[in-house]
Amino acid sequence: MRRFRSDFLHELESRGYIHQVSEPEALDELFLRERVTAYVGFDCTADSLHVGHLVSIMMLRILERTGHRPIALVGGGTTKVGDPSGRDESRQLLSEEQIERNKAGLRRSLGKFLDFEKGSVLLLDNAEWLDELRYIPFLREVGTHFTINRMLTFDSVRLRLEREQPLTFLEFNYMIMQAYDFLQLARRWNCRLQMGGSDQWGNIVNGIELARRIDGRHLFALTTPLITTASGQKMGKTAAGAVWLNADRLPPFDYYQFWRNTEDGDVGRFLRLFTELPLAEIERLEKLEGAELNEAKKILAFEATALCHGREEAEKAAAAARALFERGATPREGLPVVELDRARLAQGIPVIELFQLAGLVPSNSEARRLVRARGARLNNRLVEDETMVVDLGALEDGALELAAGKKRHVLVRPV
RNA sequence: GGAGGGGUGGCCGAGCGGUCAAAGGCAGCAGACUGUAAAUCUGCCGACGAACGUCUACGUAGGUUCGAAUCCUACCCCCUCCA
């Protein structure tokens, strides 16, 4: 008894990806009938995607796996405008150079999950059509189909106005740009469906509307639920910041640890959303009780890390974690590495500073507190003297292993 | 334009001349317990410093005072009511 007959929608539905769909039956019909092109847009606001984007990325993978054609659209053009959705303040305007850098970072993030080389998965940039727009012709073609009356009712602008927060004319145009994207993709690639987070519903519907009015096209929308943790937090937002997908932002070991530390109540849901294990397997895993559930968490962590960083990195991270938490040995392979100037170490560096250089604490005071709280370890030995100075003599196997608390470990290597 | 209220640490929020680096809560960090979970308990939680302590910080800029987050003046911003 399935609600959807098409593989794609059925798969999404059974793994918990669907929040809203426009015309479910018609879309299902479409997926049964033909190879469908669908897209997700990603703004270039940072130089890496993070786990918050993962749901969308996974959908593109499923789309491909079920025989359809995914488009990952990078917002090289729209980022110059800035999406006001869910924000009380204007985004800071990014320079063109910054956007270019971010774009390159996004390509790397996406490239980990989607293979753009073989041609069945497309990577496009909306700067391609947005940069070229001419104001008056654009207003005449597109602007006539939007009424201000209606635009004011969309959450993205309404909420801002209700809170009496300024909304610039630039930002006000964002939804038009995004609608226009959908129109362009429909025309150029016969793209029929746009997917995104639940906050994108309004923007997507605008695109559907626009394409219907101008071209008489029939397009669809599908949004994913906002993923929160069992204790109600927005997922992937730790206090330390976002959980990044690019390794230069967050080492694979830390990425693995993020998943390894999933709350009990989230394991099943996360396995469904963030791994590609068969559902039967997941049902078995989520039934595990008590400490047994840790096995499921390890599988979740491994699978999620393998998807993002490859199986080899996932193995290393898993091995490092195993040695660190299960045997107490010193497993260096797989730990995040920080490089340190050899000459500087030769002169001697106070431990306090060393912890700061390793990025484990933001200030000397913080490092001092860590030592006093008996949470600082050097080469697996508790650091008791905060005035201790570390030099080359402290190297073990050519490196220093620093730990802040039980979970945060770093390998400092002199170069 | 008029009247009143307010701007305090990442957030909320007390303080209303000295004992204020600023109560309390949340968030965070570490420790204990445990299953690398959750919950709970304990400690920490501006920077620099081994330490005495020093510096920076209560919207901004000045001032009064031995001494100001606290009083005065100007300015900026927010909220409520009236026009």
Side-chain angles (χ1 to χ4, degrees), chain A residues 87-90 160-166 228-243 251-271 274 285-302 304-305 314 316-331 334-336 348-378 380-390 402-410:
Chain A
R87 303 195 126 237
D88 259 0
E89 289 169 10
S90 300
R160 189 80 79 79
L161 295 179
E162 274 174 6
R163 289 183 199 152
E164 301 191 30
Q165 296 296 326
T228 51
T229 65
S231 39
Q233 301 294 306
K234 192 168 174 181
M235 190 224 173
K237 283 276 179 195
T238 65
V243 178
F253 175 77
D254 293 329
Y255 189 77
Y256 177 94
Q257 284 299 314
F258 167 75
W259 294 103
R260 177 61 251 266
N261 288 309
T262 296
E263 290 178 38
D264 285 9
D266 291 327
V267 175
R269 198 157 47 101
F270 285 6
L271 279 167
F274 303 114
L285 289 171
E286 71 183 334
K287 284 207 193 84
L288 295 172
E289 302 252 334
E292 297 260 289
L293 194 55
N294 278 326
E295 292 312 311
K297 292 187 190 180
K298 285 180 204 168
I299 290 169
L300 168 63
F302 179 82
T305 307
K316 280 195 220 165
R322 219 178 296 127
L324 218 46
F325 293 103
E326 292 172 27
R327 273 192 238 115
T330 310
L335 288 186
I349 298 176
V351 246
I352 296 299
E353 246 170 80
L354 194 59
F355 272 82
Q356 203 188 337
L357 291 170
L360 290 170
V361 293
S363 68
N364 283 2
S365 298
E366 198 67 45
R368 227 178 283 282
R369 271 177 228 129
L370 183 68
V371 171
R372 287 175 190 175
R374 305 179 68 76
R377 293 179 161 267
L378 170 61
N380 232 349
R381 279 184 299 278
L382 195 64
V383 176
E384 311 217 35
D385 177 10
E386 66 188 74
T387 64
M388 177 178 162
V389 174
V390 180
L402 299 188
K406 281 196 272 291
K407 294 186 184 175
R408 290 145 60 219
H409 296 256
V410 153

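The figures that follow rest on heavy atoms only: side chains count, while hydrogens, waters and symmetry mates do not. Throughout, a chain's letter reflects where its sequence line sits, starting with A, and its residues are numbered from 1.
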Q: What integer distance in Å separates I352(A):CD1 from A50(B):P?
A: 8 Å
Q: How would you list, by chain and number, every residue that makes a side chain to side chain contact (heavy atoms under 4.5 Å, CB included) with N364(A), sequence neighbours excluded?
A: I352(A), E353(A), Q356(A), R368(A)
Q: Could you state the CG-P distance from L285(A) to G35(B), rounded to the nearest angstrom?
A: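 Rounding to the nearest Å, CG of L285(A) and P of G35(B) are 20 Å apart.
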Q: Quick one: list whatever passes side chain to side chain contact (heavy atoms under 4.5 Å, CB included) with E292(A), sequence neighbours left out.
A: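 L288(A).
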Q: Which residues pass the salt bridge (Lys or Arg N to Asp or Glu O under 4.0 Å) test with R408(A), sequence neighbours left out?
A: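 R408(A): no salt bridge (Lys or Arg N to Asp or Glu O under 4.0 Å) contacts found.
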Q: Give every pair of a protein N or O atom and an N or O atom of nucleotides 30-34 of chain B that lie under 3.5 Å apart, one pair per line with the distance.
A:
from   : atom 1 : to      : atom 2 : distance (Å)
A30(B) : OP1    : A404(A) : O      : 3.3
A30(B) : OP1    : R408(A) : NH1    : 2.7
A30(B) : O2'    : A373(A) : O      : 2.7
A32(B) : OP2    : K406(A) : NZ     : 3.0

Q: Under the salt bridge (Lys or Arg N to Asp or Glu O under 4.0 Å) rule, collect the residues that match up with R269(A), sequence neighbours excluded.
A: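 By the salt bridge (Lys or Arg N to Asp or Glu O under 4.0 Å) rule, R269(A) matches D266(A).
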Q: Under 3.5 Å, which N/O atoms of the protein pair with N/O atoms of nucleotides 8-11 of chain B?
A:
none

Q: Can you identify which nucleotide, out of A51(B), A38(B), G35(B), has its nearest atom closest to the E263(A) side chain?
A: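 The listed nucleotide nearest to E263(A)'s side chain is A38(B).
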Q: Any N/O pairs under 3.5 Å between the protein and nucleotides 23-26 of chain B? List them or say none.
A:
none

Q: Suppose we screen for side chain to side chain contact (heavy atoms under 4.5 Å, CB included). Which residues come up paired with R260(A), at least two apart in sequence or across chains?
A: Y256(A), Q257(A), N294(A), K297(A), K298(A), A301(A)
Q: Convert the base pairs of RNA chain B into dot-bracket notation, remembering that pairs crossing earlier ones are written with [ ] and that bases paired across to another strand are shown as |; include only Watson-Crick or G-U pairs under 3.5 Å.
A: ((((((((.[[[..)..(.....]]].(((((.......))))).(((....)))...[[[[[..)....]]]]]))))))).
Q: Using side chain to side chain contact (heavy atoms under 4.5 Å, CB included) as the criterion, list what pairs up with E289(A), not counting sequence neighbours.
A: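 Partners of E289(A) by the side chain to side chain contact (heavy atoms under 4.5 Å, CB included) criterion come out as none, since no residue qualifies.
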Q: Which is true for R372(A) with a 4.0 Å heavy-atom rule: it touches a base, it touches only sugar-phosphate, or it touches nothing?
A: sugar-phosphate
Q: Counting any heavy atom closer than 4.0 Å, what does R260(A) reach on the DNA or RNA strands: base, sugar-phosphate only, or nothing?
A: base
Q: How would you label the contact of Q257(A) with the nucleic acid (heavy atoms, under 4.0 Å): base, sugar-phosphate, or nothing?
A: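 Here Q257(A) touches the bases of the nucleic acid.
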Q: For the pair made of CZ in R369(A) and P in C44(B), what is the distance, rounded to whole Å?
A: 11 Å
Q: Between atom CG in L293(A) and atom P in A39(B), what is the gap in whole Å?
A: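 From L293(A) CG to A39(B) P: 15 Å.
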Q: Of all of residues 355-366 of chain A, which get a heavy atom below 4.0 angstrom from RNA chain B, listed by number?
A: S363(A), N364(A), S365(A)
Q: With a 4.0 Å limit, can you tell me whether R322(A) has a side-chain N or O closer than that to the phosphate oxygens OP1/OP2 of U36(B)?
A: no
Q: Applying ring-ring contact (aromatic ring centres under 6.0 Å, His included), name anything that partners F274(A), two or more places apart in sequence or on another chain.
A: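 With sequence neighbours excluded, F274(A) shows a ring-ring contact (aromatic ring centres under 6.0 Å, His included) to W259(A), F270(A), given in chain and number order.
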